[in-house]
2 protein chains.
Amino acid sequence: MNRTTVEELLMEYGIQPTAQRCVVTGYLLETDCHPTAEEVMRAVKDRLPCSLSRATVYNTLKLLVDKGLLQELSTEPGQTRYDANTGHHHHFVDRESGRIYDLEVDGEGIWISGFELPAEYKADHFKITFYGKVES
Amino acid sequence: MNRTTVEELLMEYGIQPTAQRCVVTGYLLETDCHPTAEEVMRAVKDRLPCSLSRATVYNTLKLLVDKGLLQELSTEPGQTRYDANTGHHHHFVDRESGRIYDLEVDGEGIWISGFELPAEYKADHFKITFYGKVES
DNA sequence: GTCTGTAATTAGAATAAGTCTAAATACAGA
DNA sequence: TCTGTATTTAGACTTATTCTAATTACAGAC
Ligand SMILES: [Mn+2]
Ligand SMILES: [Mn+2]
Ligand SMILES: [Zn+2]
Ligand SMILES: [Zn+2]
């Protein structure tokens with residue numbers, strides 16, 4: 001995804017497309033590894049002619065989450081991770097490597113049987129996280 | 001659950017039952033509110049004749065997790081919560097209050113239909129977290 | 001019952017993730 | 001070009017958690 005496409009995407013979401021925001025968004029769209037803010041910072045700072053502040057990375061990530069372009073993941077304590085895949089999907093955490101894999105849901109959607117959510121619990125969303133090992 | 005019962009439980013799990021550990025464990029067993037380390041600290045320090053160090057609370061929580069008496073929850077960034085319910089169960093997060101409710105799984109267990117875990121993904125565990133509002 | 005070595009606890013310092021602040025810079029619209 | 005607002009910046013600050021070095025508690029040996 002090139003520079004112009006990212007710019008257009010940001011504008012569609014009502015976000016002023018600055019160089020910093022483009023490069024952060026571009027990185028999150030192209031990676032599939034659910035990076036932390038720190039990882040975004042490292043990955044992205046060489047792509048800019050200028051310096052990049054930590055505050056800008058955090059502000060940008062928060063803005064993108066607010067506007068619905070990213071989702072936040074809390075799979076392990078002390079690390080917030082970011083995911084540009086905002087469709088309804090789930091995750092698999094490899095315990096050894098810590099890597100997080102996306103699990104896509106096909107057409108009809110997912111169905112959980114074997115227990116009832118009590119009537120007074122009105123859920124608007126759910127996520128499933130699997131833990132284990134990916135045998136390569 | 002009284003003092004002696006907690007002591008016996010800790011010993012069964014191979015944990016030397018000190019006063020601090022008993023009181024932390026006792027609190028987690030009696031509450032259903034998935035407290036943070038800070039909340040455990042506050043709730044528990046008056047139950048001891050002596051002072052209680054932050055380091056002890058964190059060490060104890062980690063020990064109890066290691067030995068399988070507690071599980072850690074990462075439902076929201078920046079807060080690790082603890083859960084003495086270590087059977088297979090799931091959670092409901094009330095977005096307004098932040099409160100976390102347990103969802104028990106009945107006899108036959110839970111079944112997820114609508115997508116396949118790829119063959120090379122060997123999962124030993126999964127958890128489901130629902131988000132929404134509890135209407136009281 | 002003491003002695004003694006190890007385990008546990010303590011207060012406070014150190015880290016690390018994330019937020020805030022105040023000043024500088026960029027930029028959209030007049 | 002001018003001007004006001006939005007964005008970015010470096011670094012201070014906060015908060016959750018971990019580490020450290022010294023003290024205290026305790027289990028087993030005598
Ligand atoms: Mn991070
Ligand atoms: Mn906490
Ligand atoms: Zn994902
Ligand atoms: Zn629970």
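None of these values were measured; they are calculated from a predicted model. Labels below follow one simple rule: chain letters A, B, ... track the order of the sequence lines, proteins then strands, and each chain is numbered from 1.
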Write out a two-atom table: protein N or O, nucleotide N or O from nucleotides 24-30 of chain C, distance below 3.5 Å.
none

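- Residue order along DNA chain C, read from the 5' end via each residue's closest nucleotide, puts S51(B) first among S51(B) and P77(B).
- OP1 or OP2 of dT19(C) has not a single side-chain nitrogen or oxygen of Y58(A) nearer than 4.0 Å.
- For dT7(D), the base has no donor-acceptor partner in the side chain of R21(A) [N/O atoms by modelled type, under 3.5 angstrom].
- Listed by residue number, the members of residues 60-74 of chain A with any heavy atom below 4.0 angstrom from DNA chain C are K62(A).
- Not a single side-chain hydrogen bond (donor to acceptor under 3.5 Å, both in side chains) links R21(A) to another residue, sequence neighbours left out.
- The side-chain hydrogen bond (donor to acceptor under 3.5 Å, both in side chains) test applied to R95(A) returns D124(B), not counting sequence neighbours.
- Partners of H125(B) under the ring pair (Phe, Tyr, Trp, His ring centres under 6.0 Å) rule, at least two apart in sequence or in another chain, are H88(B).
- Take Y27(A) and apply the ring pair (Phe, Tyr, Trp, His ring centres under 6.0 Å) test, not counting sequence neighbours, and it matches no residue.
- Taking five base pairs at each end of the helix from dG1(C)-dC30(D) to dA30(C)-dT1(D), the local helix axes there meet at an angle of 20°, rounded to 10°.
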Exercise answer: donor-acceptor pairs, residues 128-136 of chain B side-chain atoms, under 3.5 Å, sequence neighbours excluded:
none

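- When the side-chain hydrogen bond (donor to acceptor under 3.5 Å, both in side chains) test is applied to Q16(B), no partner is found at least two apart in sequence or on another chain.
- For the pair M41(A) CE and dA17(C) P, the interatomic distance rounds to 13 Å; values are reported in whole Å.
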Tabulate atom names and distances for all N/O pairs under 3.5 angstrom spanning the protein and nucleotides 23-25 of chain D.
none

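- Scored by the side-chain hydrogen bond (donor to acceptor under 3.5 Å, both in side chains) test, E72(A) finds no partners at all (sequence neighbours excluded).
- Applying the ring pair (Phe, Tyr, Trp, His ring centres under 6.0 Å) criterion to H89(A), with sequence neighbours excluded, gives H91(A).
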